[in-house]
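So the structure is just underneath, and the comments pick up after that.
Worth knowing before you read on, the calculation uses all heavy atoms, side chains too, and leaves out hydrogens, waters and symmetry mates. Remember, it's 1-based here, ligands and their atoms both numbered in the order they're listed.
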Amino acid sequence: MKKKIGFFQSIDFKIVFVFIILLLVALELIGAYFIRQLETQLVDNFQEERRLQVGFLDNTLQPLLENDEDQNLTEEISRLLADFSGNGVLEAQVINPQHHILGTSDSTNQSIVGGNSNDRDVHQALLLSSKITNQYTDKTTNDRIWKLVSPIIANDGSNEVLGVISLKTNIESVYQQIEEITVIFLNASLLAVGLTILLALFISRAITKPITEMTHQAIQMAGGNYSGQVKIYGEDELGQLSLAINDLSIKVEEAQESTEAERRRLNSVLTHMTDGVIATDRRGKIVIINEMAMEMLNTSQEEAIGQSILKVLKKENEFTLRKLLKTEQELSFDFSTPETPLILHGGFSLIQRETGFISGIVCVLHDVTEQEKIERERRDFVSNVSHELRTPLTSMRSYLEALIDGAWKDPEIAPNFLQVTQEETDRMIRMISDLLNLSRMDAGNNALDMEYVNINELFNHVLNRFDMMIQSSDQPKKTFFIKREITNRQIWAEIDTDKMMQVFDNIMNNAIKYSPDGGTITCSLRETHDNVVISISDQGMGIPKKDLPHVFDRFYRVEKARARSMGGTGLGLAISKEVVQRHGGKIWANSSEGKGTTFYVLLPYIPYEEDDWE
Ligand code: ADP
């Protein structure tokens, strides 16, 4: 996010500030040197001029003063001094060695002529016979006064002091001139500062404007907007930087697009995977979870993201992340609910960078419920077969042992024992042939021998056989009455006659077996527009609700002992189901306990117009 830059932190301020400081330092140095130099020069010039003036007067006065007899000396001097004027000259006096004032240039002050001078500088000059200069400030006018007292030396080689010329000048004008120049200089400086500020602002703007635009572009890029381009103001370094940023923007956009495409691809792969995939960060918190995994774990994206993978897999009490990764085989997770079984296998692997830094974990979950079920069924099947074969064998063995032990001599018991042994053997043979049948069907190499059959006729034929069974036997074990509710229409369908008869036999046998003596068995055959539905209802004991879905399982019997005693193998319905399913049909049962059971067989058929056959 862009932070507002304070005025004092801005490049604009810094550049202007540095420029001004540099300019002021330069001006200060130049100004101080220049003004000092100028002052010395002007003051020197002024003084030199005065010295020349005094020297000139000296030259004029010297012969006059040497010649003492000159009566008109005072007038002469007064005339000379009256003409004595010049830049800033206040007063020029001529004083003799006796300190008498011989003349003054001040016309208003002629009264002092003839009087004594009590000027200290004059006294000193006379005494030392050398030039004395003195600068002081006039108390009344506050002007600076420069005074030159120059002795007049005799030219005859005696070096006698003939008098002094005392010149008082107002030097203030020189200083005023300097001040004026200083003011001009200051004004020029101020103007220079102003211009510098403008120039510095112009320069700093030339730098900051592209920078501001680049910053703006960088912020836009960070926000995912790559459409903008930085304006290029020149071919300097900033221009090149702008070019580089524009180039970068295009590159980042391309990279972003390819990452996005990659992400979408990954997403679609993950979404359409039949395995569940979960990816976590370093600390095991979920960052990616695909649809399948959510479905398997019965969770949602919102719920799962950010959660610990251990918690989601319900393993937080058994495992730590480290332990999870150390386990070499796949882990098994049981997510079964009372309604649906669900067994998952999970494989874990690390997401590692090239440096070896671990950045997360990937877990792949496979649904192995079906495999587990098949495996369990296989185990159950083997144990069932062994058990089922052992029971008749044990019973036969005990009968045979009894016979060996002498029972064979007993004409009463022996035939009975042998008959039981034969029955058990028959049952085993039946069971083994059933098993062989099933296993052939499982292997798929027991192809159906299909032919067009009138199901109506076939079903009636089966039922006739059962009717015959009661009528032919003198003392039937059980009596029953078959009630037929069968359509008169011919229903031609393509079926394997032998196998389908076996199915009807099985159901009919069961109906008789599990019904009380004298019960009615209602057999119906109906057709819908493309199905035939055969139903066989008995008035027997019925099948408890919880057992109903299992009666078609191999070796499943509701009451094991009873069913076995009735000679059942527990494979009849399993075979029937297999046969019906291979015909593309369905088999199911409805039952109410104590009242009876109805078995239904549905077979597909294509109805033919009777004309086709005539
Ligand atoms: P079995 O040879 O034992 O009859 P099936 O596969 O034919 O084996 O039947 C499986 C089980 O289903 C039987 O043991 C029995 O408990 C139950 N069963 C089948 N038909 C009926 C029925 N008509 N009435 C009640 N129970 C039945």
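Under 4.0 Å from ligand 1, the heavy atoms of T597 that appear belong solely to its side chain. Counting heavy atoms closer than 4.0 Å to ligand 1, residue N509 contributes nothing at all.
Near V551, meaning under 4.0 Å from any of its heavy atoms, are these atoms of ligand 1: 10 (C), 12 (O). Of all the atoms in ligand 1, the ones that sit under 4.0 Å from a non-hydrogen atom of K513 are 1 (P), 2 (O), 4 (O). Applying the 4.0 Å criterion to heavy atoms of G570 picks out, from ligand 1, the atoms 1 (P), 2 (O), 3 (O), 6 (O), 8 (O). Below 4.0 Å from some heavy atom of R557 lie the following atoms of ligand 1, by number and element: 3 (O), 14 (O). Taking a cut-off of under 4.0 Å to the non-hydrogen atoms of G572, the atoms of ligand 1 that pass are 6 (O), 7 (O).
Using bins of under 30°, 30° to 60° and over 60° for the plane-to-plane angle, the ring pair F348/F333 lands in the perpendicular bin. Using a 30° and 60° split on the angle between ring planes, H550 and Y556 fall in the tilted class, from 30° to 60°.
For a threshold of 3.5 Å applied to N or O pairs, the pair formed by A574 and ligand 1 contains no separation below that value.
Closest heavy-atom approach to atom 16 (O) of ligand 1 among the candidates L571, V558, L548: V558. The nearest non-hydrogen atom to atom 24 (N) of ligand 1, considering only Y514, F555, Y556, comes from Y514. The heavy atom nearest to atom 23 (N) of ligand 1, out of those in D547, I521, D538, I575, is found in D538.
For E578 and R554, the salt-bridge test passes: some basic side-chain N is under 4.0 Å from an acidic carboxylate O. Ion pair R376/E372 not flagged as a salt bridge, since none of the NZ, NE, NH1 or NH2 atoms sits closer than 4.0 Å to an Asp/Glu carboxylate oxygen.
Other residues, nucleotides and ligands contribute more than 12 heavy atoms inside 6.0 Å of the NZ atom of K315. Residue Q329 places its CD atom among 12 or fewer non-hydrogen atoms of other residues, nucleotides or ligands, all under 6.0 Å distant.
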Requested in this report: Would you please test E423 and R427 for salt bridge (charged side-chain N to carboxylate O under 4.0 Å, His left out) and show each step?
Outcome: CA-CA 6 Å; E423 275 170 13; R427 199 155 75 87; over 6 Å; no

Query raised in the report: Is there a salt bridge (charged side-chain N to carboxylate O under 4.0 Å, His left out) between R264 and E260 once you walk through the steps?
Result: CA-CA 6 Å; R264 272 200 296 272; E260 187 57 29; 3.6 Å; yes

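At least one heavy atom of G542 sits under 4.0 Å from some atom of ligand 1. At a 4.0 Å cut-off, at least one heavy atom of F599 sits close enough to ligand 1 to count as contact.
With values rounded to the nearest 0.5 angstrom, R440 atom CZ is found 11.0 Å from L435 atom CG.
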